[in-house]
Amino acid sequence: MSDTSSQQLLHLVIGGELKDIGPCAPEFKDLTQVDFVGAFPSYDEAREAWKSAAQRTVDNAHMRYFVIHAHKMLDPSKKD
């Protein structure tokens with residue numbers, strides 16, 4: 001198993017207003033209005049940014065934020 005401390009990880013935090021809040025895959029209402037919160041090297045940093053962004057929009061029931069593990073898309077063999 002490889003040493004995870006030497007791996008470069010990439011976590012993206014994005015959010016936006018969803019068309020429908022249901023069990024199906026999320027679909028943004030307007031992709032031009034997607035909020036890019038940032039890119040983070042660790043899940044802990046990304047989670048903190050996600051929590052902060054979600055807290056700012058707590059009054060909008062259709063607004064959702066997500067942590068995307070981009071490193072898994074770039075190289076599926078990498079682990080968190």
Side-chain angles (χ1 to χ4, degrees):
M1 183 178 286
S2 64
D3 178 20
T4 57
S5 64
S6 66
Q7 290 182 344
Q8 184 180 33
L9 303 179
L10 176 61
H11 302 83
L12 305 177
V13 180
I14 64 165
E17 196 166 350
L18 301 181
K19 284 185 177 181
D20 183 25
I21 307 295
C24 300
E27 187 176 343
F28 291 105
K29 189 180 240 181
D30 182 359
L31 285 175
T32 65
Q33 297 298 313
V34 169
D35 180 19
F36 177 75
V37 177
F40 303 90
S42 75
Y43 176 73
D44 291 338
E45 290 176 77
R47 187 171 189 281
E48 285 301 313
W50 166 80
K51 285 186 347 185
S52 177
Q55 185 63 40
R56 288 192 306 270
T57 60
V58 71
D59 293 334
N60 184 345
H62 288 274
M63 192 72 162
R64 292 290 190 273
Y65 282 86
F66 304 91
V67 175
I68 300 169
H69 300 269
H71 56 273
K72 290 183 180 180
M73 291 180 221
L74 298 171
D75 183 357
S77 66
K78 288 189 177 184
K79 306 275 189 243
D80 276 337

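Since the model is a prediction, treat every value here as computed from it, not as a measurement.
For W50 (side chain) and Y65 (main-chain N/O), a donor-acceptor pair under 3.5 Å exists by modelled atom type.
By the side-chain hydrogen bond (donor to acceptor under 3.5 Å, both in side chains) test, D30 pairs with T32, sequence neighbours left out. For P41, the side chain to side chain contact (heavy atoms under 4.5 Å, CB included) test picks out E45, with sequence neighbours left out.
H71 approaches L10 most closely through the heavy-atom pair ND1-O, 3.0 Å. H69 and Y43 get closest at one heavy-atom pair: CE1-CD1, 3.6 Å. What you find for H11 and A46 is that their closest heavy atoms are CB-CB, 3.6 Å.
In this structure, CD on E17 lies 7.0 Å from CE on M63, to the nearest 0.5 angstrom.
A heavy-atom distance below 4.5 Å is not found between the side chains of V13 and F66.
Pairs of residues two or more places apart, or lying in two chains, never qualify as salt bridge (charged side-chain N to carboxylate O under 4.0 Å, His left out) while including a residue from residues 52-64.
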